[in-house]
Enquirer: 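Below is one structure. I have some questions about it.
Just so it is clear: chains get the letters A, B, ... in the order the sequence lines come, proteins before strands, and each one is counted from 1. Quick note: numbers below take in every heavy atom, side chains included, and nothing from hydrogens, waters or symmetry partners.
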There are 2 protein chains.
Amino acid sequence: MDYNYKDILSALKHEGYKLTPQRRAVIQALHSTYNHMTPLEIFEKVSIRSRNISLVTIYRTLDALEKAGFICRLNLETGRSGYLLRRPRSHHHHLVCSICGVVVNIGNCELEELEKRVSEHTGFKIISHTFDISGICPECQNGKIKTSGVKI
Amino acid sequence: MDYNYKDILSALKHEGYKLTPQRRAVIQALHSTYNHMTPLEIFEKVSIRSRNISLVTIYRTLDALEKAGFICRLNLETGRSGYLLRRPRSHHHHLVCSICGVVVNIGNCELEELEKRVSEHTGFKIISHTFDISGICPECQNGKIKTSGVKI
DNA sequence: TAATAAATGAAAATTATTTTCATCTATCGT
DNA sequence: ACGATAGATGAAAATAATTTTCATTTATTA
Ligand SMILES: [Zn+2]
Ligand SMILES: [Zn+2]
Ligand SMILES: [Zn+2]
Ligand SMILES: [Zn+2]
């Protein structure tokens, strides 16, 4: 089952966060797309509608949302961070288009078995794993590039 | 089959790079450990033996080594980069100790099959994948912490 | 040994992110 | 609705990683 805009607002409030217009705007921006966005991109997107937010607040809001588990952070190849709304509640991974930045969630992670074998073989106590796939989405394969800049 | 110090020197030379003392020192530092290191850590390590290198040169040497395929770059959780000598020539992944930073190479990547299924399911043309595991190595589980700072 | 393309280092520039601190405001109890 | 207050915001400065610039040095090759 997926999170949605209302879920996030009420859960945030429940966790003691205030529902400011700035936070609503950031959540709304994340909710409006399946693309990942950097803090700066979110700032630009939000600033189109209201000049009423600063980049610092974007950073702080993303921190809060990440701590509360409502967004996924991508470690971009550039060394920067990309964020997107966390839609599946359960453990999952990301398939990211290198051209337009769209993200498809990959569920049914089958890596626990591999983890177990690695653990037995090395003696490591496993904490976590990361797994990301990059590729070209069908639309970009057809040349229908939707965004201007090259992502990732 | 694994790369070693001499392989790298001669291959670098073959690719047109000059073998400067600074480059030798960086390669030597990477070769001397199975831990990953940040550029700054490499700088500090190399600087103990000779005051004859600057941090900029570390960055430039790491760029060259990465382009030439002789080192692996880890996207650390902190958003910084960690580097280590690339020992297996073939496609592989990394199991990293969160405490001491030691890295174990995981060969026999079995993710191509998963990639194929994802591709069929989403229509994406797959370019690449990343897969990293973090955990606690046997020595750190026993409290034998070798390095001072917490890595990753 | 001389020529030269490449490499180096110091310093400045760039960029992402975080911190500081004074001001503002969402929320809650009255 | 009103006032108190903890928490949130924004401007500006601070931090930190990385890259660029440019004058000087050096590994390589003939
Ligand atoms: Zn996700
Ligand atoms: Zn997984
Ligand atoms: Zn490796
Ligand atoms: Zn793989």
Enquirer: With nearest nucleotide decided by heavy atoms, which residue, B/Asn52 or B/Arg80, maps closer to the 5′ end of DNA chain C?
Expert: B/Asn52

Enquirer: Would you confirm whether A/Ser119, through its side chain, and A/Phe124, through its main-chain N or O, come within 3.5 Å as a donor-acceptor pair?
Expert: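 Side chain of A/Ser119 to backbone of A/Phe124: a pair is present.
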
Enquirer: Please check the phosphate of D/dT18 (OP1 and OP2 only) for any side-chain N or O of B/Tyr59 closer than 4.0 Å.
Expert: yes

Enquirer: Considering every strand and a 4.0 Å limit on heavy-atom distances, what is the contact class for B/Leu40: base, sugar-phosphate, or nothing?
Expert: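 No contact.
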
Enquirer: Is the ring pair B/Tyr5/B/His31 parallel, tilted or perpendicular, if the boundaries are 30 and 60 degrees?
Expert: tilted

Enquirer: Whole angstroms only, please: what is the NZ-C1' distance between B/Lys67 and C/dA6?
Expert: 14 Å

Enquirer: Using a cut-off of 6.0 Å, state whether more than 12 heavy atoms not belonging to B/Arg117 lie near its atom CZ.
Expert: yes

Enquirer: Rounded to whole Å, please give me the gap between CD1 in B/Ile27 and C1' in C/dA7.
Expert: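 After rounding, the reported distance stands at 14 Å.
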
Enquirer: Could you give the angle between the helix axes at the two ends of the helix from C/dT1-D/dA30 to C/dT30-D/dA1, with five pairs per end, rounded to 10 degrees?
Expert: 40°

Enquirer: Using whole Å, report how far CG of B/Leu55 lies from P of C/dA7.
Expert: 18 Å

Enquirer: Quickly work out the B/Asn75 CG to D/dT18 C1' distance and round it to whole Å.
Expert: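 Value for this atom pair: 14 Å.
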
Enquirer: Return the 5'-most residue of the pair A/Val56, B/Asp63 with respect to DNA chain D, ranking by each residue's nearest nucleotide.
Expert: A/Val56

Enquirer: Any donor and acceptor pair, going by atom type alone, linking the side chain of A/Asp7 with main-chain N or O of A/Asn4 inside 3.5 Å?
Expert: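 Side chain of A/Asp7 to backbone of A/Asn4: a pair is present.
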
Enquirer: Could you work out which one of D/dT18, C/dG9, D/dT9 sits closest to the side chain of A/Thr57?
Expert: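 Out of D/dT18, C/dG9, D/dT9, the nucleotide with an atom closest to A/Thr57's side chain is D/dT9.
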
Enquirer: Are A/Lys45 and A/Ser32 close enough that a side-chain donor and a side-chain acceptor fall under 3.5 Å?
Expert: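 Yes.
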
Enquirer: Would you state whether a donor and an acceptor, one from the side chain of A/Arg60 and one from the base of D/dG10, lie under 3.5 Å apart?
Expert: yes

Enquirer: Got B/Leu65 and B/Ile8 here, is their nearest side-chain heavy-atom distance under 4.5 Å?
Expert: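 A side-chain contact under 4.5 Å exists here.
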
Enquirer: Rounded off to whole Å, could you give me the CD-to-C1' distance for the B/Glu66 and D/dT18 pair?
Expert: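 Result: 14 Å.
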
Enquirer: Can you tell me if NE2 on A/His121 sees more than 12 non-hydrogen neighbours from other groups inside 6.0 Å?
Expert: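 Result for NE2/A/His121: open.
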
Enquirer: In sequence, state the C-alpha distance, the side-chain angles, and the governing distance for A/Leu95 and B/Ile126, and then conclude on side chain to side chain contact (heavy atoms under 4.5 Å, CB included).
Expert: CA-CA 9 Å; A/Leu95 169 59; B/Ile126 308 296; 4.0 Å; yes

Enquirer: Using a cut-off of under 3.5 Å, enumerate the N/O to N/O pairs linking the protein to nucleotides 27-30 of chain D.
Expert:
residue : atom : partner : partner atom : Å
D/dA27  : N3   : B/Lys18 : NZ           : 3.4
D/dT28  : OP1  : B/Leu19 : N            : 3.2

Enquirer: Compare every heavy atom of A/Gly69 with every heavy atom of A/Arg86, then report the nearest pair and how far apart it is.
Expert: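 The answer is CD-O, 3.3 Å.
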
